[in-house]
Amino acid sequence: MDPTEFLEHKDITEFISLAGQYCTFVENTNNFEKVAYIQKSLSLLSSLYFYALKLPDPGDTTFETPEKFVSEMEWNEIYNKVKLKLGYHDDYLDVFDPVSKEEGDVSIVSLADNFADIYQDLKNFIVAYGLENEDLMVSSLWDLLYNFQEYWGIKLLNALRVLHRLYYSEEQLDEKKLDSGENGQNVNRNWLFEERRRQSNEEDDEV
């Protein structure tokens with residue numbers, strides 16, 4: 001395939017459009033109510049995963065890793081916006097390697113961290129691809145796909161799992177009622193830990 005034809009592949013242009021929607025969405029996190037934010041996140045993240053699977057493989061490249069355009073300050077800005085929006089529901093429990101047959105450590109992970117990391121990879125790709133330098137476009141696509149396989153694809157699926165659980169659970173998602181106590185103080189609870197403890201207690205009662 002001609003390099004120009006490859007770089008204008010329909011699946012790439014569709015992915016770029018969707019990636020741009022995601023980046024705009026998280027940049028404007030403050031404009032959404034929590035329930036609407038979770039619903040929109042589910043839609044965008046699931047579509048991103050679907051279209052990432054369709055991206056054509058650029059093959060082996062000898063190009064250097066493309067320049068990164070998202071600064072640490074910008075990453076922190078996205079992280080803080082999402083963390084503030086999700087509040088009480090930001091943290092969740094995760095197993096490092098669910099495929100491993102060995103018992104793994106369970107860790108506390110942040111949805112905001114996932115959102116910001118996904119944003120960083122997508123934004124870097126969009127900006128690099130938009131410079132219309134063929135070598136840079138190919139290397140940025142290769143970098144995006146590699147990071148999808150190794151990093152942000154996993155973070156995306158983890159976020160989807162938790163957001164799905166939240167959206168379809170009986171959890172109270174109203175921001176004002178949930179994220180503040182009776183005196184307006186922030187609630188330092190983690191509902192996932194409480195749910196895990198509740199299930200553990202029920203199992204003990206059954207024994």
Side-chain angles (χ1 to χ4, degrees), residues 14-54 70 73-95 98 106-126 148 151-202:
E14 287 180 343
F15 180 84
I16 289 174
S17 175
L18 186 61
Q21 292 179 48
Y22 172 82
C23 291
T24 301
F25 168 66
V26 294
E27 288 167 354
N28 291 278
T29 291
N30 297 339
N31 295 339
F32 294 83
E33 295 295 332
K34 182 182 282 187
V35 175
Y37 190 78
I38 291 174
Q39 183 182 43
K40 182 68 173 179
S41 296
L42 285 167
S43 175
L44 284 173
L45 291 173
S46 56
S47 296
L48 277 170
Y49 193 85
F50 174 75
Y51 279 97
L53 290 174
K54 296 173 63 178
V70 176
M73 182 179 296
E74 290 171 316
W75 187 96
N76 284 326
E77 183 178 355
I78 296 299
Y79 172 85
N80 289 328
K81 283 181 179 180
V82 177
K83 190 172 184 63
L84 181 63
K85 175 60 59 181
L86 296 177
Y88 171 75
H89 296 108
D90 181 59
D91 293 338
Y92 67 94
L93 298 173
D94 186 41
V95 178
V106 176
S107 58
I108 304 174
V109 189
S110 165
L111 281 168
D113 184 85
N114 291 353
F115 271 70
D117 280 353
I118 294 168
Y119 172 86
Q120 184 176 47
D121 274 313
L122 295 183
K123 191 74 170 185
N124 282 332
F125 171 67
I126 292 171
F148 170 69
Y151 305 112
W152 69 267
I154 297 171
K155 289 177 176 287
L156 184 156
L157 290 173
N158 286 342
L160 271 177
R161 175 171 56 87
V162 178
L163 292 170
H164 175 90
R165 171 69 177 83
L166 283 174
Y167 190 71
Y168 290 103
S169 71
E170 296 180 356
E171 274 292 309
Q172 173 58 262
L173 297 177
D174 184 271
E175 295 171 81
K176 294 180 181 179
K177 291 181 180 178
L178 182 59
D179 294 333
S180 297
E182 294 180 358
N183 297 321
Q185 300 299 317
N186 288 335
V187 179
N188 295 317
R189 298 182 299 163
N190 187 303
W191 76 274
L192 283 166
F193 286 108
E194 294 177 356
E195 176 70 8
R196 192 182 188 199
R197 184 169 57 249
R198 182 188 65 78
Q199 292 175 352
S200 177
N201 290 338
E202 289 178 354

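Starting from 1, each residue takes its place in the sequence as its number.
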[X] side chain to [Y] backbone, donor-acceptor under 3.5 Å:
X: Thr29; Y: Val26; result: yes
X: Lys34; Y: Leu86; result: yes
X: Ser43; Y: Lys40; result: no
X: Lys81; Y: Glu27; result: yes

First locate atom [atom1] of [X], then atom [atom2] of [Y], and finally report the distance between them rounded to the nearest 0.5 Å.
X: Gln120; Y: Trp75; atom1: CD; atom2: CH2; answer: 8.0 Å
X: Cys23; Y: Phe125; atom1: SG; atom2: CZ; answer: 11.0 Å
X: Leu84; Y: Tyr79; atom1: CG; atom2: OH; answer: 11.5 Å
X: Ser46; Y: Phe50; atom1: OG; atom2: CZ; answer: 10.5 Å
X: Ser17; Y: Tyr22; atom1: OG; atom2: OH; answer: 15.5 Å

Close side-chain approach of [X] and [Y], heavy atoms under 4.5 Å:
X: Gln21; Y: Leu18; result: yes
X: Asp117; Y: Tyr151; result: no
X: Phe148; Y: Leu48; result: no
X: Phe115; Y: Lys83; result: no
X: Glu74; Y: Lys123; result: no
X: Asn158; Y: Val109; result: no
X: Leu45; Y: Tyr49; result: no

Practice problem: Apply the test side-chain contact (heavy atoms from CB on, under 4.5 Å) to residues Ile38 and Phe32: give CA-CA distance (whole Å), side-chain angles for both, the deciding distance (0.1 Å), then the verdict. | Solution: CA-CA 9 Å; Ile38 291 174; Phe32 294 83; over 6 Å; no
Quiz prompt | salt bridge (Lys or Arg N to Asp or Glu O under 4.0 Å) between Asp113 and Lys155, intermediate numbers included | solution = CA-CA 9 Å; Asp113 184 85; Lys155 289 177 176 287; 3.3 Å; yes
Quiz item: Between the side chains of Asn114 and Tyr119, is a donor N or O closer than 3.5 angstrom to an acceptor N or O?
Solution: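 On atom types as modelled, these side chains do not qualify, holding no pair under 3.5 Å.
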Practice problem: Please check if any side-chain donor atom of Asp90 sits under 3.5 Å from a side-chain acceptor atom of Ser110, or the reverse. | Solution: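 Side chains of Asp90 and Ser110: pair found under 3.5 Å.
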Practice problem: Might you point out which heavy atoms bring Leu163 and Ser41 nearest each other, and give the distance in Å? | Solution: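 Of all heavy-atom pairs spanning Leu163 and Ser41, the closest is CD1-CB, 3.8 Å.
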Practice problem: Identify the heavy atoms of Gly20 and Ile126 that sit nearest to each other, and give their distance. | Solution: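 Nearest heavy atoms, Gly20 then Ile126: N-CD1, 3.5 Å.
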Practice problem: Return the orientation label for the His164 and Tyr168 ring planes: parallel under 30°, perpendicular over 60°, tilted otherwise. | Solution: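 Ring orientation of His164 relative to Tyr168: tilted.
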Exercise. I would like to know whether Tyr92 and Arg161 meet side-chain contact (heavy atoms from CB on, under 4.5 Å); could you show each step before the answer?
Key: CA-CA 10 Å; Tyr92 67 94; Arg161 175 171 56 87; 4.0 Å; yes
Practice problem: For Gln39, check side chain to side chain contact (heavy atoms under 4.5 Å, CB included) against everything at least two apart and list the hits. | Solution: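 Testing Gln39 for side chain to side chain contact (heavy atoms under 4.5 Å, CB included), a comparison that skips the adjacent residues, returns Tyr167.
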